[in-house]
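Every chain is numbered from 1 and lettered A, B, ... according to where its sequence line falls, protein lines coming before strand lines.
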Protein chains: 2
Amino acid sequence: MAYPAELDSSASTGIAPAFSPLYQQIKGLMLKSLQAGEWKPGESIPSEVELAVRFRVSQGTVRKAIDELAAENLLMRRQGKGTFVATHAEQHVRYRFLKLIPDDGDPSSEGPAQRAFIDCKRLRAAADTARALGLRSGDPILQLRRVLSFANQPTILEDIWLPGGPFKGLTAERLSAYHGPMYALFETEFGVRMVRAQEKLRAVLPDPDQSALLKVAQNTPLLSVERIAFTYDDKAMELRRGLYRTDKHYYRNELN
Amino acid sequence: MAYPAELDSSASTGIAPAFSPLYQQIKGLMLKSLQAGEWKPGESIPSEVELAVRFRVSQGTVRKAIDELAAENLLMRRQGKGTFVATHAEQHVRYRFLKLIPDDGDPSSEGPAQRAFIDCKRLRAAADTARALGLRSGDPILQLRRVLSFANQPTILEDIWLPGGPFKGLTAERLSAYHGPMYALFETEFGVRMVRAQEKLRAVLPDPDQSALLKVAQNTPLLSVERIAFTYDDKAMELRRGLYRTDKHYYRNELN
DNA sequence: CAGTGGTCTAGACCACACT
DNA sequence: GTGTGGTCTAGACCACTGC
């Protein structure tokens, strides 16, 4: 269990010493362990004292590294139990990235979403899709389309694009068979953990296909939500275009 | 400079001891100082060592309190200079709550917004407005309407409701004369600092008035953004309904 | 009880800004 | 140089969990 101890001696680089605190370097090493799958979603990581020994620093320094990773929702601390790798499979963080809330404000009032997969095909990336995912035009990708219904009303229409490589073997059947958040399945089946995402929102009108699938009139304004989701290494691993009905729901955002 | 030292002795309450760490209590005291205006936006607060002496705790404990306040954007730390009360008047935090970004992604490309105040009247709060602001129906409130234009194109139509009491003396003239973010004026002129806000987003169609003011067709889908903004004590101090054009801009959101 | 994370302290030293 | 925030350490003790 000896460790490379590749901590920045801050010499020999010559140009741009760029002071990096110890705890940042520890954080980087821990990120590597997460990324490499040494610590898997839902599992506990070694205790603070163990890590302090391993990295040859004080417990306080390890602590500060963990603090930051916890603040970024990569780790979860539980007093008395340990520190755990965050996961999309837990009850109370499910749908962490879904900000659409029913008007009454209680997400549990309408029960879980009903999901219907309309489509799942493999094809070659178009230019814009490729760019968004950091691929090259023509690279193999996977395209999904699904409808989410709440209280038996179609509410969300989503088109999803995934890079073909990491998601080899993903089929409509496996998606339909899986109960729980899609990102939880990505974690367990493909080792892809979505860590962070950015969304671009617009108000749009649906095209005929879309209005039919959502069962709304064509002049119904809908919320367009384009999401790019990133993994540990800040690599884009999913492009998603959602169309949200907002007559009985709203998109909630907190500003700080 | 003696201090009340009203730190939780954690006795005598009887029911629910509810352990509260020292740094949380310090944080609470500092919040009071902010709220009371002892430390004003833009100014520096006492140094960590001074505060440690004042509160009779170690510097590390003060530090942790400040850390949390800084994480909530109430304070700003600047190494070598000091810790400052956050403000909406600074260049690099201007429009912190405005998430509408031009399609090219560069908020500075189109220069500052042109503002035009359409309306400013005092009236009595309707039931729903009153509830949102924590007032009673009929309480005096102030209603504003303005249009923000980017690159000479009307882009945002906003209706704003403010409680009459704290904003006594606010007029259309003062608003028009002031150059800079509206929230910065609130800070300097009325001692109201907006700290946090929540927004509800929907896709809607404009009514005739709205479409005329934004110079768009009536069947143009628009992004409706309803915001409630809060001050230090988590008291709602502003209700704002915005209509955003999203043909050349998008609403950007980061998910963590 | 032992093991975990959480708090608090005191002191040394570093990086940065101003003068 | 002085004063500020930032890092790192070592140790003591507290709160929570589960055996």
Side-chain angles (χ1 to χ4, degrees), chain A residues 3 5 7-11 13 16-30 39 42-86 90, chain B residues 5 7-11 13 16-30 39 42-86 90 92:
Chain A
Y3 227 69
L7 301 188
D8 178 24
S9 54
S10 196
T13 53
F19 166 69
S20 165
L22 241 190
Y23 75 89
Q24 285 287 4
Q25 303 177 45
I26 303 300
K27 184 182 167 190
L29 293 177
M30 293 182 66
W39 305 326
E43 294 178 356
S44 75
I45 70 172
S47 77
E48 295 180 354
V49 283
E50 278 181 80
L51 291 172
V53 171
R54 187 206 269 205
F55 295 131
R56 301 170 159 279
V57 297
S58 81
Q59 183 182 353
T61 300
V62 167
R63 201 171 167 70
K64 187 146 188 184
I66 293 180
D67 277 345
E68 292 213 347
L69 292 169
E72 296 168 25
N73 292 310
L74 301 188
L75 296 178
M76 297 264 298
R77 327 188 69 147
R78 277 187 256 169
Q79 180 170 143
K81 301 184 70 172
T83 302
F84 299 77
V85 182
E90 280 173 50
Chain B
L7 301 187
D8 178 24
S9 56
S10 196
T13 54
F19 166 70
S20 163
L22 241 189
Y23 75 88
Q24 286 286 2
Q25 303 177 44
I26 304 300
K27 183 183 167 188
L29 293 176
M30 295 183 65
W39 304 326
E43 294 178 356
S44 75
I45 70 171
S47 75
E48 294 180 354
V49 283
E50 279 181 79
L51 290 172
V53 171
R54 186 206 269 204
F55 295 131
R56 300 170 158 281
V57 298
S58 80
Q59 183 182 353
T61 301
V62 169
R63 199 169 170 72
K64 187 147 187 182
I66 294 180
D67 277 345
E68 292 212 348
L69 292 169
E72 295 167 26
N73 292 310
L74 301 189
L75 295 178
M76 297 265 298
R77 327 190 68 149
R78 278 188 256 168
Q79 181 170 146
K81 300 184 72 173
T83 302
F84 299 77
V85 183
E90 280 173 51
H92 84 286

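- Rounded to whole Å, atom P of D:dT17 lies 14 Å from atom CE of A:Met76.
- Whole-Å rounding puts the B:Ile26 CD1 to C:dT7 C1' distance at 13 Å.
- Smallest separation of non-hydrogen atoms from A:Val57 and A:Val62: CG2-CG2, 3.7 Å.
- Taking 4.0 angstrom as the limit, A:Thr83 places a side-chain polar atom (N or O) nearer than this to OP1 or OP2 of C:dG5.
- One atom, CD of B:Gln24, and another, C1' of C:dC8, lie 14 Å apart when rounded to the nearest Å.
- Checking C:dC16, D:dT7, C:dG5 against every side-chain atom of A:Tyr23, the shortest atom distance belongs to D:dT7.
- Mapping A:Val62 and A:Gly80 onto DNA chain D by nearest heavy atom places A:Val62 at the nucleotide closer to the 5' end.
- Nearer the 5' end of DNA chain D, as judged by each residue's closest nucleotide, is the contact made by B:Arg63, out of A:Thr61 and B:Arg63.
- Among C:dC8, D:dT4, D:dC8, the nucleotide with an atom closest to any side-chain atom of A:Leu22 is D:dC8.
- Each of C:dC8, D:dT4, C:dG5 was ranked by its minimum atom distance to the side chain of B:Pro21; first place goes to C:dC8.
- Computed from C1' positions of five pairs at each end, the angle between the two local axes of the helix from C:dC1-D:dG18 to C:dC18-D:dG1 equals 10°, rounded to 10 degrees.
- Here A:Lys81 reaches the OP1 or OP2 of D:dG18: one of its side-chain N or O atoms lies under 4.0 Å away.
- Checked against C:dT7, D:dA15, C:dT4, the side chain of B:Lys64 finds its nearest nucleotide in C:dT7.
- Residue A:Gln79 places its side chain closer to D:dA15 than to any other of C:dT9, D:dA15, C:dC18.
- Looking at the side chain of A:Glu48, the nearest of the listed nucleotides D:dT9, C:dG5, C:dT9 is C:dG5.
- Taken to the nearest 0.5 Å, the CZ atom of B:Arg56 stands 13.0 Å off from the CG atom of B:Leu22.
- Residue A:Glu68 contributes atom CD, which lies 12 Å from atom P of D:dG6 at whole-angstrom precision.
- Separation of atoms OG (B:Ser47) and CD (B:Gln59) is listed at 8.0 Å; rounding is to 0.5 Å.
- For the atom pair CG (B:Asp67) and OG1 (B:Thr83), the distance works out to 9.5 Å, reported to the nearest 0.5 Å.
- A pairwise comparison of heavy atoms in B:Ala65 and B:Met30 identifies CB-SD, 4.3 Å as the closest pair.
- When rounded to the nearest whole Å, the span between CZ of B:Phe55 and C1' of C:dT9 equals 18 Å.
- As rounded to whole Å, 12 Å separates atom P of D:dT4 from atom CD1 of B:Ile45.
- With rounding to the nearest 0.5 Å, the separation of CD in B:Gln25 from OG1 in B:Thr61 is 10.5 Å.
- In this structure, A:Asp67 places its CG atom 15 Å from C1' of C:dT4, rounding to the nearest Å.
- Rounded to whole Å, the distance from CD on A:Gln59 to P on D:dT9 is 11 Å.
- The CD atom of A:Glu72 sits 6.0 Å away from atom CG of A:Leu69, with the distance rounded to the nearest 0.5 Å.
- Here B:Arg78 lies in heavy-atom contact (under 4.0 Å) with sugar-phosphate atoms only.
- Distance from the side chain of A:Ser58 is smallest for D:dC8 among the nucleotides C:dT9, C:dA17, D:dC8.
- Between B:Trp39 and B:Arg54, the shortest heavy-atom distance links the atoms CZ2-NH1, 4.0 Å.
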